[in-house]
2 protein chains.
Amino acid sequence: MQSRTPAGRPGRPRSAAADAAILAATRQALVELGWSKLTLQDVATRAGVAKTTLYRRWAGKNELVVDAVAELFDELRLPDRGSLAADIEGVVLQFAALLDRPECRSGLMAVVAESTRDDPLRERIRTSIVERQKRLVLEGRARAAERGELPPEPEDAEEAARTVDLTFDVVAGAVVHRTLVSGKPADEDWVRSFIRVLLLGLAAPS
Amino acid sequence: MQSRTPAGRPGRPRSAAADAAILAATRQALVELGWSKLTLQDVATRAGVAKTTLYRRWAGKNELVVDAVAELFDELRLPDRGSLAADIEGVVLQFAALLDRPECRSGLMAVVAESTRDDPLRERIRTSIVERQKRLVLEGRARAAERGELPPEPEDAEEAARTVDLTFDVVAGAVVHRTLVSGKPADEDWVRSFIRVLLLGLAAPS
DNA sequence: GCCATTACGCTACGGGTCGTAGCGGAAAGC
DNA sequence: GCTTTCCGCTACGACCCGTAGCGTAATGGC
């Protein structure tokens with residue numbers, strides 16, 4: 001969050017309700033207007049606060065939308081379906097459903113685009129969204145290692161981290177590219193084909 | 001292109017030099033200013049044309065940047081290095097180098113973001129960039145099938161198209177996610193790890 | 001209960017971009 | 001030379017940005 005009010009500070013504390021109202025209003029505005037037509041004045045009006053209040057808490061549109069979108073990703077869960085393939089299928093379908101929501105579609109790619117010229121913003125995205133969701137990969141790999149479906153984690157911690165990063169980039173990248181660039185649905189059929197490639201490789205028989 | 005002047009039309013034809021100058025100026029402006037601070041007035045000044053000329057040819061910033069970026073992707077080539085893995089490595093490294101150029105980084109994701117609320121724009125991206133570059137996957141698969149590295153193309157044309165789409169989404173998605181979201185370089189080490197997963201699957205021994 | 005301190009709503013403002021309209025002149029084909 | 005289209009230029013209203021200033025509201029400390 002942007003406005004963790006330190007405990008022992010004098011004066012009137014910031015309204016936590018305002019925070020929630022602003023982030024919800026941001027998501028609603030993303031749905032109705034999309035990124036480019038979203039204005040902070042509009043968000044403030046929807047949330048029932050003054051525009052200046054918004055500027056006191058967030059530096060601008062970018063930071064606001066990152067926080068508004070990041071909350072959505074915490075809904076993701078890794079189901080335990082008994083096999084690695086089934087677990088991945090479960091979480092990937094959830095991810096695809098998330099990317100189907102308009103507040104996510106239009107917000108996520110826009111802030112990523114902005115982050116290419118704004119290092120603090122990129123860091124905010126990394127810590128608020130990307131790193132947080134690597135928990136899914138970590139848990140999935142741990143379960144699969146227990147079941148013997150994947151080799152155990154490497155001794156070398158750096159090596160293990162690289163593997164997790166690679167897995168995350170491949171899975172998230174493929175789903176994002178499928179839904180947002182190719183513009184086709186990541187439905188069950190597609191997810192099954194993808195998981196076959198992911199687990200067995202391109203050369204595997206279909 | 002946006003301004004194919006029909007041959008037998010009377011009157012003064014549109015200046016092809018202006019087209020080239022505008023697209024080059026757009027890329028230069030993307031390098032120096034990035035997407036969000038890029039204005040059509042600025043591009044027009046750089047290109048030495050009037051702002052109104054720009055609006056006569058492109059509907060807006062989105063369409064202009066798509067055309068400016070699309071030209072970059074036509075530079076990609078599939079080298080023949082003797083094996084599927086080596087071929088992929090060659091083209092992926094070129095792709096990574098492309099995504100390292102600031103005019104590409106800031107422009108590409110921004111128009112993808114806009115396209116989530118603008119179907120004609122999405123179609124323009126698909127035809128001008130995505131579909132054009134599937135030639136690389138097609139050629140790579142054909143070579144690999146000749147060499148016996150991959151099973152031959154399925155009889156069913158739809159099935160074959162799905163496989164090509166999947167391969168494209170996985171490869172392009174992973175590289176884009178690695179460079180633009182995770183913000184780490186897609187260098188030789190990473191590309192080799194990626195290709196191992198792509199060809200052999202996650203369960204393959206490292 | 002009073003006071004210092006901070007948050008909040010409101011208004012107003014300069015600065016910038018957008019996208020369009022209208023004009024006179026330039027460059028092509030016939 | 002005529003028509004047709006393109007081009008450069010200027011000007012314009014509309015909108016959004018981000019900030020400043022003010023009076024008021026809500027806390028915690030004493």
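We name chains A, B, ... by the order of the sequence lines, and we start the count at 1 in each one.
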Self-check item: Separation of D/dC6 C1' from B/Arg57 CZ (nearest whole Å)
Solution: 8 Å
Quiz item: Among C/dA28, C/dG9, C/dA7, which is the nearest nucleotide to the side chain of B/Pro13?
Solution: C/dA28
Quiz item: Between atom NZ in A/Lys61 and atom C1' in C/dT17, what is the gap in whole Å?
Solution: 13 Å
Quiz item: Which nucleotide, D/dC7, C/dT20, C/dG9, lies nearest any side-chain atom of B/Tyr55?
Solution: C/dT20
Quiz prompt | Per A/Thr39 side chain, nearest of listed nucleotides D/dC7, D/dC17, D/dT4 | solution = D/dC17
Exercise. Please report, rounded to the nearest Å, how far the P atom of C/dG16 is from the CG atom of B/Leu33.
Key: 15 Å
Quiz item: Heavy-atom count around B/Arg81 CZ within 6.0 Å, excluding the residue itself: above 12?
Solution: yes
Practice problem: Take the protein atom CZ of B/Arg14 and the nucleotide atom P of D/dC6, then report the distance between them rounded to whole Å. | Solution: 5 Å
Exercise. Check the distance between C/dA26's P and B/Arg56's CZ and give it to me in whole angstrom.
Key: 16 Å
Quiz item: Any idea which of D/dC7, D/dT19, C/dC8 is nearest the A/Lys51 side chain?
Solution: D/dT19
Practice problem: Select from A/Gly11 and B/Ala59 the residue whose nearest nucleotide in DNA chain C is closer to the 5' end of that strand. | Solution: A/Gly11
Self-check item: B/Leu40 CG - C/dC18 C1' separation (whole Å)
Solution: 8 Å
Quiz item: Rounded to whole angstrom units, what separation is found between the CD atom of A/Gln41 and the C1' atom of C/dC10?
Solution: 11 Å
Exercise. Write down the distance between CG (B/Leu54) and P (D/dC7), rounded to a whole number of angstrom.
Key: 11 Å
Quiz item: Base, sugar-phosphate, or nothing: which does B/Ser15 touch, judged by heavy atoms less than 4.0 Å apart?
Solution: sugar-phosphate
Quiz prompt | Pair B/Glu123, B/Thr127: side-chain N/O donor-acceptor within cut-off below 3.5 Å | solution = no
Quiz item: Parallel, tilted or perpendicular: which fits the ring planes of B/Phe95 and B/Phe73, with parallel below 30° and perpendicular above 60°?
Solution: tilted
Quiz item: Salt bridge or not for B/Arg124 and B/Asp67, using N-O below 4.0 Å?
Solution: yes
Practice problem: Before accepting this row, confirm whether a basic side-chain N of the pair B/Asp165/A/Lys184 lies closer than 4.0 Å to the acidic partner's carboxylate O. | Solution: yes
Quiz item: Can you find an N or O donor on one side and an acceptor on the other, under 3.5 Å apart, linking the side chain of A/Arg12 with the base of D/dA25?
Solution: yes
Self-check item: Presence of B/Thr52 side-chain N/O under 4.0 Å of D/dG8 phosphate oxygens OP1/OP2
Solution: no
